[in-house]
Peer 1: 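Supplied in structure tokens, the structure appears directly below.
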Amino acid sequence: MSAFSGVIVPMVTPFRRDEGQTIDYEAGEQLVERLVAAGVSGIFAFGSNGEFHVCTPDERIGFSRFVVERAAGRVPVYVGTGSCSTREAVEMSKRAEDAGASAVSVVNPYFLRVSDAEVVGHYEAVAEGVGIPVLMYNIPRCTGANLSPEVVARVAEVDNVRGVKDSSGSMANLAAYVEAARGRGVDVLVGSDGMISAAHALGASGAVAGTANLIPGVVVGLWRALEAGDAGAAARLQAEVGPLRDVLHMGSVPQALKRALELAGVPVGPARRPVAEASPGLDERARAMLDHYGIAHG
């Protein structure tokens with residue numbers, strides 16, 4: 001049985017426009033309700049789109065607990081607990097488990113260069129520290145290091161490690177993960193929204209799709225079409241992800257996504273500094289994109 005499957009949304013973290021850019025819990029509740037109503041399979045708090053990298057440990061755990069409470073068992077909630085420090089990753093994972101997380105997502109150590117054996121030891125320590133599933137998270141453009149398929153295969157043997165998310169954008173890398181995970185009870189998730197159909201064909205069990213913050217119906221419909229074997233609908237819906245992805249490339253993550261949500265009436269606020277407010281040019285493109293989807297906007 002899959003621990004991770006379907007459309008999992010890496011939920012943006014709503015911030016106010018006050019001096020400290022504090023977390024807006026009311027907007028968070030609105031977004032949770034919106035995603036659950038759209039039929040998503042899970043919510044992922046404090047991934048890259050959730051800006052874990054600019055939030056304190058207490059903010060991450062406090063808001064994750066809130067998301068768990070508001071989801072109220074309707075969908076599982078996964079929490080990003082990655083850190084450069086193994087000690088902190090273990091501590092954060094334990095706190096996330098105590099907060100009610102269904103699983104934790106752990107990015108490989110970043111900034112410093114570590115050996116494959118050290119990466120394996122990092123994941124072993126996290127998995128030994130919690131009783132809930134652990135998801136490996138590969139995003140080399142941000143960490144500076146790709147989780148090799150050999151490391152994935154070794155970590156897949158660790159109790160509690162039940163999945164790997166690949167945001168490398170490489171189909172070859174994803175295919176190698178599927179092979180490395182085969183027979184080990186480890187799910188492979190695609191983190192590149194333009195590759196969802198191709199990943200499903202390779203055997204991926206789900207997608208962690210940032211675009212589903214804004215167009216959850218499109219992405220959920222895409223996955224359902226793929227599961228049903230409806231190639232025509234799947235091709236049409238995969239193409240429908242494109243206009244949003246084109247806009248997302250205009251700003252630093254998750255500036256463009258949050259601005260598009262704001263224009264669509266979902267008050268998630270800005271990205272946290274150092275990411276700046278969206279430019280007028282981005283607003284113009286975002287409004288045209290929302291028109292394409294028939295989404296009313298300000």
Peer 1: Going through the distances and angles, do Val104 and Tyr78 end up as a side-chain contact (heavy atoms from CB on, under 4.5 Å)?
Peer 2: CA-CA 5 Å; Val104 293; Tyr78 313 118; over 6 Å; no
Peer 1: Tell me, yes or no, whether the heavy-atom count around Arg17 atom CZ, taken from other residues, nucleotides or ligands under 6.0 Å, exceeds 12.
Peer 2: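 Yes.
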Peer 1: Taking all non-hydrogen atoms of both residues into account, name the closest pair between Val77 and Ala71 and its distance.
Peer 2: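 For Val77 and Ala71, the tightest heavy-atom pair comes out as CG2-CB, 3.7 Å.
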Peer 1: Let me see the working for Arg224 and Glu227 under salt bridge (Lys or Arg N to Asp or Glu O under 4.0 Å), right down to the final yes or no.
Peer 2: CA-CA 5 Å; Arg224 288 175 178 169; Glu227 291 284 89; over 6 Å; no
Peer 1: Could you grab the distance from atom OG of Ser64 to atom CZ of Phe44, nearest 0.5 Å is fine?
Peer 2: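 Going from the OG atom of Ser64 to the CZ atom of Phe44 covers 9.5 Å.
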Peer 1: Membership question, hydrophobic clusters at under 4.5 Å side-chain separation (ILVMFWY): are Leu257 and Val241 in the same one?
Peer 2: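 Per the 4.5 Å side-chain linkage, Val241 and Leu257 are co-clustered.
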Peer 1: Compute whether any side-chain donor of one residue and acceptor of the other, for Ser205 and Ser5, lie under 3.5 angstrom apart.
Peer 2: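 The answer is no; no qualifying pair exists.
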Peer 1: Does Ile139 reach the side chain of Arg141, with side-chain heavy atoms less than 4.5 Å apart?
Peer 2: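 Contact flag for Ile139/Arg141 side chains = yes.
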Peer 1: With a 4.5 Å cut-off on side-chain heavy atoms, are Glu91 and Arg95 touching?
Peer 2: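 The answer is yes, as the side chains (C-beta and beyond) meet within the 4.5 Å cut-off.
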Peer 1: Examine Val266 and Leu282 and state if one hydrophobic cluster contains both, with Ile, Leu, Val, Met, Phe, Trp and Tyr joined whenever side-chain heavy atoms are less than 4.5 Å apart.
Peer 2: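 Val266 does not cluster with Leu282.
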Peer 1: Given side chains that start at C-beta, do those of Val114 and Leu112 come closer than 4.5 Å, heavy atoms only?
Peer 2: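 Yes, side chains in contact.
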Peer 1: Once rounded to the nearest 0.5 Å, what's the spacing between atom CD of Glu29 and atom CG of Asp24?
Peer 2: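 The CG atom of Asp24 is 10.5 Å from CD of Glu29, to the nearest 0.5 Å.
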Peer 1: Can Gln238 and Ser197 be counted as having a side-chain donor-acceptor contact under 3.5 angstrom?
Peer 2: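 Checked: Gln238/Ser197 side chains pair up, N/O donor to acceptor below 3.5 Å.
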Peer 1: I need the Leu174 CG to Glu179 CD distance, nearest 0.5 Å.
Peer 2: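 It is 12.0 Å, given to the nearest 0.5 Å.
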Peer 1: Any chance you could measure Ile215, atom CD1, to His292, atom NE2, to the nearest 0.5 Å?
Peer 2: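 Reported to 0.5 Å precision, the distance equals 8.5 Å.
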Peer 1: Can a donor-acceptor pair be found between the side chains of Asn49 and Asn213 at a distance below 3.5 Å?
Peer 2: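 No, no side-chain donor-acceptor contact under 3.5 Å.
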Peer 1: Any idea which heavy atoms bring Cys84 and Phe111 closest together, and the distance?
Peer 2: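 The pair with the smallest heavy-atom distance is SG-CB, 4.2 Å.
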Peer 1: With distance as the sole test, does Arg236 use its side chain to make a donor-acceptor pair with the main-chain N or O of Leu222 at under 3.5 Å?
Peer 2: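 Here the side-chain-to-backbone pair does not exist.
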Peer 1: Any idea which heavy atoms bring Ala181 and Val188 closest together, and the distance?
Peer 2: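 Smallest heavy-atom distance, with atoms named: CB-CG2, 3.9 Å.
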Peer 1: Before you tell me yes or no, could you show the steps for Tyr25 and Phe66 under ring-ring contact (aromatic ring centres under 6.0 Å, His included), namely the whole-Å CA-CA distance, both residues' side-chain angles and the distance that decides it to 0.1 Å?
Peer 2: CA-CA 8 Å; Tyr25 278 67; Phe66 176 81; 4.8 Å; yes
Peer 1: Considering non-hydrogen atoms only, spot the tightest contact between Ala127 and Val158 and give its length.
Peer 2: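 Heavy atoms of Ala127 and Val158 come nearest at CB-CG1, 3.6 Å.
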Peer 1: State, with a plain yes or no, whether a side-chain heavy atom of Lys165 is found less than 4.5 Å away from one of Met136.
Peer 2: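 They are not in contact (no side-chain heavy atoms under 4.5 Å apart), so the answer is no.
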Peer 1: Can you tell me which residue among Glu51, Glu277, Glu59 is in a salt bridge (Lys or Arg N to Asp or Glu O under 4.0 Å) with Arg272?
Peer 2: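 Option passing the salt bridge (Lys or Arg N to Asp or Glu O under 4.0 Å) with Arg272: Glu59.
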Peer 1: For residues Val134 and Met92: do they belong to one hydrophobic cluster (side chain heavy atoms under 4.5 Å, members Ile, Leu, Val, Met, Phe, Trp, Tyr)?
Peer 2: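 No.
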Peer 1: For Arg245 versus Gly194, what's the shortest heavy-atom pair and its separation?
Peer 2: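 Looks like NE-N, 3.4 Å.
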Peer 1: Can you tell me if Asn160 uses its side chain to pair, donor with acceptor, with the backbone of Glu128 under 3.5 Å?
Peer 2: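 Answer holds: no.
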Peer 1: Counting only N and O atoms by type, is there a donor-acceptor contact under 3.5 Å from the side chain of Arg34 to the main-chain atoms of Leu214?
Peer 2: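 Yes, Arg34 side chain to Leu214 backbone: donor-acceptor pair under 3.5 Å.
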Peer 1: Between atom CD of Glu97 and atom CD1 of Ile61, what is the distance when rounded to the nearest 0.5 Å?
Peer 2: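 Rounded to the nearest 0.5 Å, the CD-CD1 separation comes to 11.0 Å.
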Peer 1: Test your reading of the model: is there a side-chain donor-acceptor pair from Ser168 to the backbone of Ser170, 3.5 Å cut-off?
Peer 2: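 Judged by distance alone, yes, a pair lies under 3.5 Å.
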Peer 1: Any idea which heavy atoms bring Ala212 and Val9 closest together, and the distance?
Peer 2: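 Minimum heavy-atom contact is CB-CG2, 3.7 Å.
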Peer 1: Please confirm whether the backbone N or O of Thr22 pairs with a side-chain atom of Asp18, one donor and one acceptor, at under 3.5 Å?
Peer 2: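 Answer holds: yes.
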Peer 1: Do Arg16 side-chain atoms and Ile23 backbone N/O form a donor-acceptor pair below 3.5 Å?
Peer 2: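 Pair found, side chain donor or acceptor close to backbone of Ile23.
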Peer 1: Is there a donor-acceptor pair under 3.5 Å between the side chain of Arg162 and the backbone N or O of Gly185?
Peer 2: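 Yes, Arg162 side chain to Gly185 backbone: donor-acceptor pair under 3.5 Å.
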Peer 1: Return yes if some donor-acceptor pair links the side-chain N/O of Tyr177 with the main-chain N/O of Leu147 below 3.5 Å, else return no.
Peer 2: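 Yes; at least one donor-acceptor contact below 3.5 Å.
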Peer 1: Pair Ser167, Asn138 - check side-chain contact (heavy atoms from CB on, under 4.5 Å), show working.
Peer 2: CA-CA 6 Å; Ser167 294; Asn138 183 53; over 6 Å; no
Peer 1: Could you walk me through whether Tyr110 and Ser83 satisfy the side chain to side chain donor-acceptor pair (under 3.5 Å) test, starting with their C-alpha distance in whole Å, then the side-chain angles of each, then the deciding distance to 0.1 Å, before giving a yes or no?
Peer 2: CA-CA 8 Å; Tyr110 47 93; Ser83 171; 5.2 Å; no
Peer 1: So Met11 and Val67, do their side chains get closer than 4.5 Å, heavy atoms only?
Peer 2: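 Yes - at least one pair of side-chain heavy atoms lies under 4.5 Å apart.
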Peer 1: Main chain of Gly80, side chain of Arg60: is a donor-acceptor contact present, judged purely on distance under 3.5 Å?
Peer 2: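 Yes.
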Peer 1: Does any non-hydrogen side-chain atom of Asp166 lie less than 4.5 Å from one of Leu189?
Peer 2: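 Leu189 does not reach Asp166 side chain to side chain.
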Peer 1: If only side-chain N and O atoms count, and only distance matters, is there a donor-acceptor pair under 3.5 Å linking Thr56 with Asp58?
Peer 2: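 No pair is found: no donor N or O on one side chain lies under 3.5 Å from an acceptor on the other.
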Peer 1: Nearest 0.5 Å, please: how far is CE in Met250 from CD in Glu284?
Peer 2: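 Taking CD in Glu284 and CE in Met250, the distance rounds to 8.5 Å.
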Peer 1: I want to check something: taking the side chain as every heavy atom from C-beta on, are Val40 and Val220 in contact at a cut-off of under 4.5 Å?
Peer 2: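 Contact flag for Val40/Val220 side chains = yes.
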Peer 1: Going through the distances and angles, do Glu33 and Arg74 end up as a side-chain contact (heavy atoms from CB on, under 4.5 Å)?
Peer 2: CA-CA 10 Å; Glu33 292 301 324; Arg74 292 173 292 173; 2.7 Å; yes
Peer 1: Does a side-chain heavy-atom distance below 4.5 Å link Tyr123 with Val106?
Peer 2: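 In contact.
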Peer 1: Can you tell me if Asp187 uses its side chain to pair, donor with acceptor, with the backbone of Ala3 under 3.5 Å?
Peer 2: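 Pair found, side chain donor or acceptor close to backbone of Ala3.
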Peer 1: Do you reckon Val275 sits in the same ILVMFWY cluster as Leu263, going by side-chain contacts under 4.5 Å, direct or chained?
Peer 2: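 Shared cluster, no.
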Peer 1: Is there a chain of hydrophobic side chains (I, L, V, M, F, W, Y, each step under 4.5 Å between heavy atoms) that links Trp223 to Leu135?
Peer 2: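 Result: no, two separate clusters.
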Peer 1: Is there a donor in the side chain of Ser252 and an acceptor in the side chain of Gln255, or the other way round, less than 3.5 Å apart?
Peer 2: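 Gln255 and Ser252 do not have a side-chain donor-acceptor pair below 3.5 Å.
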Peer 1: For Tyr137 and Asn108: C-alpha separation, side-chain torsions, deciding distance, then whether side-chain contact (heavy atoms from CB on, under 4.5 Å) applies.
Peer 2: CA-CA 7 Å; Tyr137 178 12; Asn108 49 307; over 6 Å; no
